[in-house]
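See below for the structure under consideration.
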Amino acid sequence: MSSLPATMPITETPWTLPSRGRVGMFSLIAGETAIFTIFIVAYIYYIGKSLSGPMPRQVLEVPIFNTICLLSSSLTIHFALRALQGGRIAAFKLFWFVTLSLGAIFLIGTGREWYRLITKEGLTITTNLFGTTYYSLVGLHAFHVSAGLVGLLTVMIFALAARVNQEHAERLDVFSLYWHFVDAVWVAVFIVVYIVGR
Amino acid sequence: MEESQGIPVSKSRVLVSVNDWSAFRTLAVSFGLTASSFAQSAAQESNSTNIFAPSSTPADSIFRLSLLVLAATGAIFAVVFSMLLYAAVKFRGRSGDNREPPQVYGSDQLELAWTVIPVLIVMVLFIASARVIHAVQDARRPPGTIEVTAVGHQFWWEFRYQQYGFVTANELHVPVSDPGRSSPTFITLLSADTDHSFWVPRLAGKTDLIPNHPNSLWIDPQEPGIYLGQCAQYCGTQHAKMLLRVYVESRADFDRWVRKQQAIQANAAMSPEALEGRRVFESTACINCHTIEGTVADGRFGPNLRHLMSRDTIASGAAPNTSENLRAWIQNPNAIKPGSLMPAMNLTNKQLNEVTEYMLTLR
Amino acid sequence: MGMTAMSSNSIPISETVSQVAERKPLSEILHEWVITVDHKRLGLMYIGLALLFLALGGLEAAIMRIQLAVPHAHFVSPQVFNRMFTMHGTTMIFFVAMTILFGFGIYLVPLMIGTRDMAFPRLNAWGFWMSAFGGLLLYFSFIGGEGLSGAGTAPDVGWWAYAPLTSPAFSKGHSTDYWTISLLIAGFGTLATAINFVATILSMRCSGMTLGKMPLLCWMYLVTGGLLLFTITPLTAAQLMLMIDRYLGGHFFDTQAGGSAVMWMHFFWIFGHPEVYVLILPSFAFVSEIVPVFSRKPIFGYPIMVAATVAIGFISMSVWAHHMFTVGMASYSNAFFVLTSMAIAVPTGIKIFNWLGTMWGGQIRYATPMLFCLGFLFQFLIAGLTGVMLGAAPFNWQLSGSYFVIAHFHYVIVGGILFAVFGAFYYWFPKMTGRMLNETLGKWHFGFFFIGFHLTFDFMHGAGILGMPRRIYTYEPNRGWETWNMIVTVGVLFQAVAVLCFAFNLFWSYFRGHATGNDPWDAWTLEWSTSSPPPAYNFAVIPEVKSRRPLWDLKHPEDPDWRYE
């Protein structure tokens with residue numbers, strides 16, 4: 001087997017490449033963006049095309065509180081990671097817990113909205129095009145929030161067991177990219193469903 | 001192309017004559033021998049569905065465009081293939097010669113050349129295509145246009161002549177269109193179930209029938225005859241036998257056909273067997289799917305049967321329209337067209353004979 | 001990362017002990033393969049999976065061709081025929097082409113960029129098993145599909161599964177669901193593999209290997225991976241919508257409720273067209289590695305080849321509706337897609353010219369890999385040109401939905417991709433196994449396949465020009481289609497013989513092929529610097545490179561590439 005380094009001049013500049021975790025996460029986000037785009041396109045195309053049934057304006061209430069919670073959680077996860085990078089584990093745990101809670105509040109809020117829509121307004125996924133596209137899009141997003149919550153909870157458990165420290169900051173930063181993505185998607189969904197579509 | 005009342009009309013109006021088109025055909029030959037033999041044989045065969053034997057303006061516009069495209073791609077093929085062949089032969093390594101040839105990394109001029117030239121070819125082909133797209137899709141309807149609505153079903157064609165107030169199935173009749181006095185037929189395309197596609201190659205390119213998405217196409221056939229086609233978008237089990245027959249007739253013949261289709265069946269002329277057959281028909285589930293004006297049958301799921309015997313085929317072209325085939329079809333449609341949505345009606349032999357007799361009176 | 005399933009402990013084993021340890025029980029060997037995360041093994045597993053499905057897909061094709069050899073044949077019923085073309089297309093695209101191309105990429109990319117494994121080895125394994133399970137699930141439909149008629153049925157809605165044919169009203173039972181779910185599962189595996197390719201190529205290259213110095217194969221897989229991220233996901237989304245329609249009573253594609261059948265088409269082809277570029281780019285990769293080595297020259301115009309590849313990646317996402325020219329879009333929409341579809345021919349053509357330029361002035365050696373690449377060049381040229389014909393929308397109104405289109409895309413997939421894959425087999429089999437494939441058998445393989453391919457797919461254009469639509473289980477005898485169909489069917493025999501030659505060659509050469517060292521072809525990229533087959537850790541020392549052809553530099557120290565690049 002020929003050994004290359006013995007005869008090759010060594011490059012002078014340090015050889016740095018982007019971290020594979022970060023590239024991997026951005027790639028995943030790219031793919032997920034495409035999935036959400038298709039659902040959003042379907043939603044937009046079907047605005048006003050339902051043949052019958054409750055219309056968005058009649059039944060949708062703008063979820064201001066939920067949105068504030070979810071978007072704030074992006075801020076708190078950022079603070080959590082800053083704390084972890086600085087070695088302040090207690091602050092990290094606090095902010096991480098707040099992030100987790102805000103995410104959970106968002107999910108519960110979505111659940112409550114759905115309960116109201118189904119039982120009081122009679123809007124289900126089978127009712128009309130609005131129902132189909134609404135539950136699909138918001139549901140897909142809620143599914144991704146749930147997946148993120150599972151991740152947040154897992155880290156929370158490890159943190160409470162004092163197993164998370166500064167050296168994990170980079171990896172958790174990569175995870176936080178996913179959480180920011182979920183929040184960004186909510187911005188798009190919010191605009192399309194509760195502003196444009198009503 | 002000249003325009004006659006908004007419809008682009010080809011100058012040389014006799015499209016099938018070999019003499020007028022021999023020049024164009026030679027061009028096609030330079031690309032491939034097959035194109036020429038196709039066009040030749042099409043002139044003789046009336047059963048032909050050859051896309052290179054157009055008999056109507058849309059198909060003709062496509063044919064002319066195709067010649068340009070074939071010429072361009074043929075030229076590209078000739079050039080590149082000969083270079084490939086040359087390189088493959090000329091630069092064969094001699095066995096035993098292990099010297100490496102000059103290591104050439106590229107050439108900016110060449111790259112520029114073989115980028116610019118293809119871009120120019122692309123522009124030409126794009127513009128040529130865009131013009132035909134516009135001419136065909138955005139054509140206006142002149143006065144004298146025949147309007148038909150085609151509704152695609154699994155696995156048959158419904159044709160509604162709303163101008164004349166009747167409905168028929170599977171066999172489309174249109175008048176021949178004089179280039180001087182154009183009388184095209186515009187067909188609105190709807191679907192009752194899944195996607196279909198209306199394709200009669202010698203008359204026009206295909207256009208799909210999609211539920212909840214009305215389309216349209218037009219034809220102005222310039223030679224009388226029967227033009228064949230079939231469904232060209234997979235629609236289920238019997239997609240293969242959803243055949244099309246377009247009867248292009250002189251104006252007089254067409255008007256005569258229309259009057260026949262408009263006539264309501266008279267009761268008096270039926271034999272006792274046929275009368276009994278009608279009774280069986282009207283008291284069986286047949287009436288849920290079929291319509292025969294003048295009876296209680298007004299189902300829409302299956303073809304309108306009022307003038308069944310004016311058609312050459314049954315089951316959308318799957319079998320010739322003879323009494324034996326009719327009887328066999330009614331007895332068990334799956335024997336002729338397995339997967340057809342018409343169920344076997346489980347009639348007795350006597351009932352079958354009677355119903356067939358009745359069908360034969362539906363002229 | 002060097003320790004994989006191959007050595008179960010890290011204590012150095014003495015010679016005699018390792019010889020005894022060679023004779024492991026079969027269960028242990030199988031277990032090692034099942035739990036492996038080694039990219040080389042996973043690559044081979046992908047390839048093995050693909051060959052299995054190639055046999056199944058080929059069988060389905062043969063059945064169809066026998067049925068269509070004469071008009072009004074009764075070899076199979078229309079129901080069976082419709083399942084055959086659905087399964088043939090689905091199998092060949094998702095479980096043959098994608099898996100075999102992934103297999104080669106997963107095997108080669110880490111070796112070519114001088115690293116020990118992919119960025120995410122466990123994700124790599126997960127992706128493989130998802131693909132395998134997806135394929136298994138698809139074929140389970142033959143027993144478990146439960147169509148209306150009773151016992152199991154495979155899907156019969158065509159590999160595009162157009163709405164509303166796939167709605168519960170028109171597709172009863174579960175056959176369509178097998179299509180949807182198996183591809184959904186395989187799709188997740190595909191997404192994982194795409195992420196892995198991108199991360200590996202961006203983050204794991206050895207020192208000195210800038211993006212401008214990595215082999216073209218790696219560029220092709222990088223663009224493929226990036227394209228896949230945006231390509232497989234629209235299909236996933238559409239399939240989720242279809243599941244919602246079929247299981248939760250949704251109305252995404254329910255035309256009775258105001259839904260749009262055309263929207264399914266858009267979503268499907270937004271996946272479907274870039275998908276074919278996902279398939280062709282790795283094929284370009286193989287040709288771009290093989291042609292230079294056998295022409296004894298570097299690839300002509302490396303930077304332009306990279307630029308053309310990236311351009312193809314981007315433009316491919318804008319051409320999809322050329323599959324929908326007959327659907328009734330507005331004239332300006334149709335015109336737009338004509339423009340983009342023609343435009344993509346430009347970078348594609350540039351590549352053909354560059355391969356030609358590589359051969360020009362070379363010293364071409366016609367070993368089997370080069371023969372297959374020559375076939376590729378000839379056939380891909382024709383395929384591209386028939387593609388241009390199809391891109392002219394009015395011409396498309398006649399040609400689409402007919403056997404002309406089938407001829408065109410088989411020209412690309414069989415005449416292009418499969419030929420390139422065969423070339424790749426002959427070229428890299430020595431690296432993977434340490435033995436050469438038999439040259440004589442290889443030439444018989446090439447000869448038979450070339451003849452069979454052209455018999456089948458050249459004459460298939462004829463049937464299309466004569467108006468024969470696709471997806472029909474039989475046809476009328478008065479249309480003049482009989483002779484063409486018969487010739488097409490005869491070609492299948494030759495192809496089958498060729499594939500048998502190939503299969504025999506694979507087995508025979510694995511055990512009795514001429515043993516070889518690191519670099520049997522006198523090539524220039526990093527995979528040829530390590531042993532054949534490579535050790536589990538790929539390289540004893542991670543290499544450093546200075547040019548695009550590190551081994552050329554080693555072999556020609558007086559005239560290294562880095563002086564000219």
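Labels below follow one simple rule: chain letters A, B, ... track the order of the sequence lines, proteins then strands, and each chain is numbered from 1.
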Calculate, to the nearest 0.5 Å, the distance between atoms CG and CG belonging to L374(C) and L85(B) respectively. 8.5 Å
Using a cut-off of under 4.5 Å for heavy-atom pairs, which of P338(B), A59(B), G339(B), A72(B) has the most such pairs with chain C? P338(B)
Cut-off 4.5 Å, heavy atoms of chain C, and the answer for L110(B) is side chain
Residue among N50(B), L65(B), I51(B) satisfying side-chain contact (heavy atoms from CB on, under 4.5 Å) with Q398(C): I51(B)
Atom group of D108(B) that falls short of 4.5 Å from chain C, counting heavy atoms: neither
Examine distances only and state if a side-chain atom of N212(B) and a backbone atom of G259(C) form a donor-acceptor pair shorter than 3.5 Å. yes
Return yes when atom NE2 of H72(C) has more than 12 non-hydrogen atoms of other residues, nucleotides or ligands closer than 6.0 Å, and no otherwise. yes
Where on R470(C) is there a heavy atom nearer than 4.5 Å to chain B: the side chain, the backbone, both, or neither? backbone
Does any heavy atom of chain C fall under 4.5 Å from the side chain of V69(B), the backbone, both, or neither of them? side chain
Would I350(C) and W114(B) satisfy side chain to side chain contact (heavy atoms under 4.5 Å, CB included), going step by step from the backbone distance to the final call? CA-CA 6 Å; I350(C) 286 173; W114(B) 63 48; 4.0 Å; yes
Chain B contact via T386(C) - which portion, at a heavy-atom distance below 4.5 Å: neither
Taking S402(C), G401(C), A335(C), A345(C) one by one, which has the highest count of heavy-atom pairs under 4.5 Å against chain B? A335(C)
Between D193(B), I133(B), V80(B), D138(B), which has the largest tally of heavy atom pairs under 4.5 Å with chain C? I133(B)
Please tell me if the side chains of E476(C) and L228(B) come closer than 4.5 Å, counting only heavy atoms from C-beta onward. no
Under 4.5 Å between any side-chain heavy atoms of L84(B) and F378(C), yes or no? yes
Please classify the contact between I304(C) and chain B as side chain, backbone, both or neither, with a heavy-atom cut-off of under 4.5 Å. side chain
Of the backbone (N, CA, C, O) and the side chain (C-beta and beyond), which part of S77(C) lies under 4.5 Å from a heavy atom of chain B, both, or neither? neither
So for W199(B), is it side chain, backbone, both, or neither that comes closer than 4.5 Å to the heavy atoms of chain C? side chain
4.5 Å side-chain heavy-atom contact, Y475(C) and K241(B): no
Under 4.5 Å to a heavy atom of chain C? For D195(B) that would be both
Under 4.5 Å from any heavy atom of chain B, what part of M329(C) do you find: side chain, backbone, both or neither? backbone
Winner by heavy-atom pair count (cut-off under 4.5 Å) against chain C, out of A232(B), A130(B), P211(B), G236(B): P211(B)
At a heavy-atom separation under 4.5 Å, does S216(B) approach chain C through its side chain, its backbone, both, or neither? neither
Candidates F85(C), Y162(C), W159(C), F170(C) - the one meeting ring pair (Phe, Tyr, Trp, His ring centres under 6.0 Å) with Y234(B): F85(C)
If you tally heavy-atom pairs under 4.5 Å against chain B, which of G361(C), G357(C), G258(C), G349(C) wins? G361(C)
Please check this pair: side chain of Q103(B) against backbone of R296(C), looking for a donor-acceptor N/O pair closer than 3.5 Å. yes
Point-to-point distance, once rounded to the nearest 0.5 Å, from OG1 of T49(B) to CG of N478(C): 8.5 Å
Let me know if M468(C) has heavy atoms under 4.5 Å from chain B in its side chain, its backbone, both or neither. backbone
Apply side chain to side chain contact (heavy atoms under 4.5 Å, CB included) to the pair T255(C) and H213(B), showing each step before the final yes or no. CA-CA 9 Å; T255(C) 48; H213(B) 184 93; over 6 Å; no
Run the side chain to side chain contact (heavy atoms under 4.5 Å, CB included) test on W360(C) and F91(B) for me, step by step, so that the C-alpha distance in whole Å, both residues' side-chain angles and the decisive distance to 0.1 Å come before the verdict. CA-CA 7 Å; W360(C) 202 274; F91(B) 300 110; 3.7 Å; yes
Indicate every side-chain donor-acceptor pair of residues 120-128 of chain B with a distance under 3.5 Å to a residue at least two apart or in another chain.
none

Are T207(B) and T326(C) close enough that some pair of their side-chain heavy atoms sits under 4.5 Å apart? no
Full working for side chain to side chain contact (heavy atoms under 4.5 Å, CB included) between F395(C) and V132(B): CA-CA 10 Å; F395(C) 203 5; V132(B) 176; over 6 Å; no
Which residue out of V327(C), V346(C), I299(C) racks up the most heavy-atom pairs below 4.5 Å with chain B? V327(C)
Turns out that what part of W552(C) lies under 4.5 Å from chain B's heavy atoms comes down to side chain
Tell me, do P469(C) and C231(B) make a side-chain contact under 4.5 Å, heavy atoms counted? no
Proximity breakdown for N215(B) and chain C, heavy-atom pairs closer than 4.5 Å: side chain
Any heavy-atom pair between the side chains of S400(C) and K206(B) that's under 4.5 Å? yes
Any side-chain donor paired with an acceptor under 3.5 Å for Y473(C) and Q238(B)? yes
Most heavy-atom pairs under 4.5 angstrom with chain C, which of M242(B), R99(B), H239(B)? H239(B)
In terms of heavy-atom proximity below 4.5 Å to chain B, should I352(C) be classed as side chain, backbone, both, or neither? side chain
I need the residue from Q230(B), R94(B), Q154(B) with the largest number of non-hydrogen atom pairs under 4.5 Å to chain C. Q230(B)
Counting neighbours of OH on Y332(C) that are heavy atoms of other residues, nucleotides or ligands and sit closer than 6.0 Å, is the number greater than 12? no
Counting only non-hydrogen atoms closer than 4.5 Å, does D522(C) touch chain B with its backbone (N, CA, C, O), its side chain (CB onward), both, or neither? side chain
Side chain / backbone / both / neither for E111(B) at chain C, heavy atoms under 4.5 Å: side chain
Determine the sole option in P58(B), S61(B), S129(B) for which the side-chain contact (heavy atoms from CB on, under 4.5 Å) test with P394(C) is passed. S129(B)
Which of the residues P298(C), G328(C), G391(C), G384(C) is involved in the greatest number of heavy-atom pairs with chain B at under 4.5 angstrom? P298(C)
Check whether F353(C) gets within reach of chain B through its side chain, its backbone, both or neither, counting any heavy atom under 4.5 Å. both
Should E100(B) and Q363(C) count as side-chain neighbours, where that means a heavy-atom distance under 4.5 Å? no
Contact winner vs chain B - R549(C), R365(C), H556(C), heavy-atom pairs under 4.5 Å: R549(C)
Part of A330(C) within contact of chain B (heavy atom distance under 4.5 Å): backbone
Considering only heavy atoms and a distance below 4.5 Å, find which of A343(C), A163(C), P78(C), S341(C) pairs most often with chain B. P78(C)
Counting heavy-atom pairs under 4.5 Å with chain C, the top scorer among A88(B), P118(B), G229(B) is A88(B)
Between L165(C) and chain B, which part of the residue has a heavy atom less than 4.5 Å away: side chain, backbone, both or neither? both
Check whether K90(B) gets within reach of chain C through its side chain, its backbone, both or neither, counting any heavy atom under 4.5 Å. neither
